[in-house]
Amino acid sequence: MPVDPYILLLFGTVGLAALLPARGTGADLASGASTGAIALLFFLYGARLSTREALDGLRHWRLHGTILACTFVVFPLLGLAARGFVPAGILSDPLYQGLLFLTLVPSTVQSSIAFTSLARGNVPAAICAGSFSSLAGIVATPLLAAALLGGDGGPGSGGFSADSVTKIVLQLLVPFAAGQVLRRWVGEFVLRHRKALGLVDRGSILLVVYTAFGQGTVEGVWQRVSPARLGGLLAVEAVLLAVMLLLTWYGAKALRFGRADRIAIQFAGSKKSLAAGLPMASVLFGAQASMAVLPLMLFHQMQLMVCAVIAGRRSRDAGDRPGTVAPAAAGEVTVPAPAGSSRTGAGTGTRSG
């Protein structure tokens, strides 16, 4: 079962923020740099994401509607149901808010594609589903957070302040829209230098994490999180992931999807994006972001480990069937290609080309 090296870097950054948090002028500089990094991240997301491919998936509305319902309806409903663990003493209120927030973020792109490919599922559907979920999440996640978390960070308290809405628009929506508008001129450059810009992405997220957890350390949030509460959080997240994996697999079967489509639905519908969720949490939660992103970081690693095992089993099961198409090579699993590229077969379970 894989341990994502980037997760180790993230937790190392958390440790650095706990030992050496930025204070005074340093904290102001870190906060300003974090704000700029978030804007850059969402500009690159917009420049990278092929709107055409995402909208092409609308032809297979039943499959993508199922994945979106899992991501933005079923997940949040389970998050609301988890509120019962707070009175029981299993979760603290800040950890519950972080857990609820993770249920609101969009699905992953790259790992959903990779696991769908390994399991010999419908890779083009996973590509379109990840793209469509990312597009929807830019608007859906802040709106859901406003409705369910409220202006003071507490569930159901009635919406965000005008300042929060302004931050969301300026730091998330405007840079993303600018990336989409300029994509026809910069998209090819961004995709051609994907590896180098990926380092910029990851470095920016590390800066966001350092700033969020540094603020939390200065405000003493770690004194409010006991090992028992962290253990409770991990147990609740394990149940949440198990329920979603079962619902996506057997629910898709009940809806009469084929095996390849069920694989895409399971992996795209049961996952949450760390790359999108961390900067969003920094904007939405401000000084309380450390408790909001901790559940998402833990869930991200858990979903990678569990889905790797499931994908391996699905691959072996498919290999026993005559006429099964071999999975795409690891190097062929990519984020959405530039507009104008050709990927077909979103309803067939195979990948053209």
Side-chain angles (χ1 to χ4, degrees), residues 4 6-7 9-11 13-14 16-17 22 27 29-49 71-72 97-111 130-131 133-146 149 153 160 163-180 190 197-216 271-301 335:
D4 186 353
Y6 189 58
I7 282 289
L9 277 176
L10 285 170
F11 282 110
T13 303
V14 171
L16 178 63
L29 291 174
S31 178
S34 176
T35 299
I38 291 170
L40 176 61
L41 274 173
F42 277 83
F43 174 81
L44 291 175
Y45 292 162
R48 231 184 251 127
L49 190 61
T71 302
F72 295 116
Q97 291 171 26
L99 178 73
L100 180 58
F101 173 73
L102 88 81
T103 66
L104 310 181
V105 303
S107 179
T108 60
V109 179
Q110 289 177 314
S111 59
S131 303
S133 179
S134 296
L135 278 173
I138 295 295
V139 176
T141 298
L143 289 178
L144 287 170
L149 291 169
F160 284 157
D163 183 59
S164 297
V165 173
T166 301
K167 286 182 178 179
I168 291 167
V169 171
L170 293 180
Q171 293 187 49
L172 304 182
L173 297 181
V174 170
F176 182 84
Q180 285 280 283
V190 168
L197 291 174
L199 296 176
V200 175
D201 280 4
R202 293 186 165 216
S204 298
I205 291 174
L206 290 176
L207 176 59
V208 171
V209 169
Y210 174 78
T211 303
F213 278 89
Q215 289 177 338
K271 304 180 95 98
K272 291 296 181 176
S273 173
L274 183 73
L278 286 179
M280 283 184 178
S282 181
V283 175
L284 299 175
F285 289 89
Q288 303 300 317
S290 56
M291 289 298 97
V293 302
L294 182 60
L296 181 59
M297 290 167 59
L298 295 174
F299 188 82
H300 175 81
Q301 179 57 41
V335 294

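Counting begins at 1 with the first residue of the sequence. No hydrogens, no waters, no symmetry mates; every other heavy atom, side chains included, goes into these values.
- Side-chain contact between V293 and F213: present, with at least one pair of heavy atoms (C-beta onward) separated by less than 4.5 Å.
- Listed here is the closest heavy atom pair of P106 and F72: CA-CZ, 3.9 Å.
- For the residue pair S34 and S31, no side-chain donor N or O sits within less than 3.5 Å of a side-chain acceptor on the partner.
- The two residues V105 and L296 make their nearest non-hydrogen contact at CG2-CD1, 4.3 Å.
- The CE atom of M297 sits 6.5 Å away from the CG atom of L294 when rounded to the nearest 0.5 Å.
- Counting heavy atoms from C-beta outward, S134 and V109 have side chains that approach closer than 4.5 Å.
- Remark: Q97 CD to L284 CG distance equals 12.0 Å, nearest 0.5 Å.
- Annotation: side chain of L135 is in contact with side chain of F176 (closest heavy-atom distance under 4.5 Å).
- Side chain of Q171 to backbone of A39: no donor-acceptor contact under 3.5 angstrom is found.
- With contacts defined as side-chain heavy-atom distances shorter than 4.5 Å, the pair T71/K271 does not qualify.
- Counting only heavy atoms from C-beta outward, the side chains of R48 and D201 approach each other to under 4.5 Å.
- Under the 4.5 Å side-chain criterion, counting only non-hydrogen atoms from C-beta, L41 is not in contact with V200.
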Hey, mind stepping through V190 and F43 against side chain to side chain contact (heavy atoms under 4.5 Å, CB included) and telling me if it holds?
CA-CA 11 Å; V190 168; F43 174 81; 5.8 Å; no
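- No donor-acceptor pair closer than 3.5 Å links the side chain of T141 to the backbone N or O of I138.
- Minimum interatomic distance between A276 and Y45 (heavy atoms only, all atoms of both residues): N-OH, 4.1 Å.
- Atom CG in L278 sits 6.5 Å away from atom CG in L10 (nearest 0.5 Å).
- The main-chain N or O of I205 is never found under 3.5 Å from a side-chain atom of Y210 such that the two would form a donor-acceptor pair.
- A distance of 4.5 Å separates CG of L44 from CG of L40, quoted to the nearest 0.5 Å.
- At least one donor-acceptor pair closer than 3.5 Å links the side chain of S133 to the backbone N or O of S107.
- In this structure, CZ on F299 lies 9.5 Å from OG1 on T103, to the nearest 0.5 angstrom.
- Put simply, the side chain of K272 never gets that close to the backbone of H300: no donor and acceptor are under 3.5 Å apart.
- In this structure, F101 and M280 have side chains that are in contact, with non-hydrogen atoms separated by less than 4.5 Å.
- Considering OG of S282 and CD1 of I38, their distance stands at 3.5 Å, rounded to 0.5 Å.
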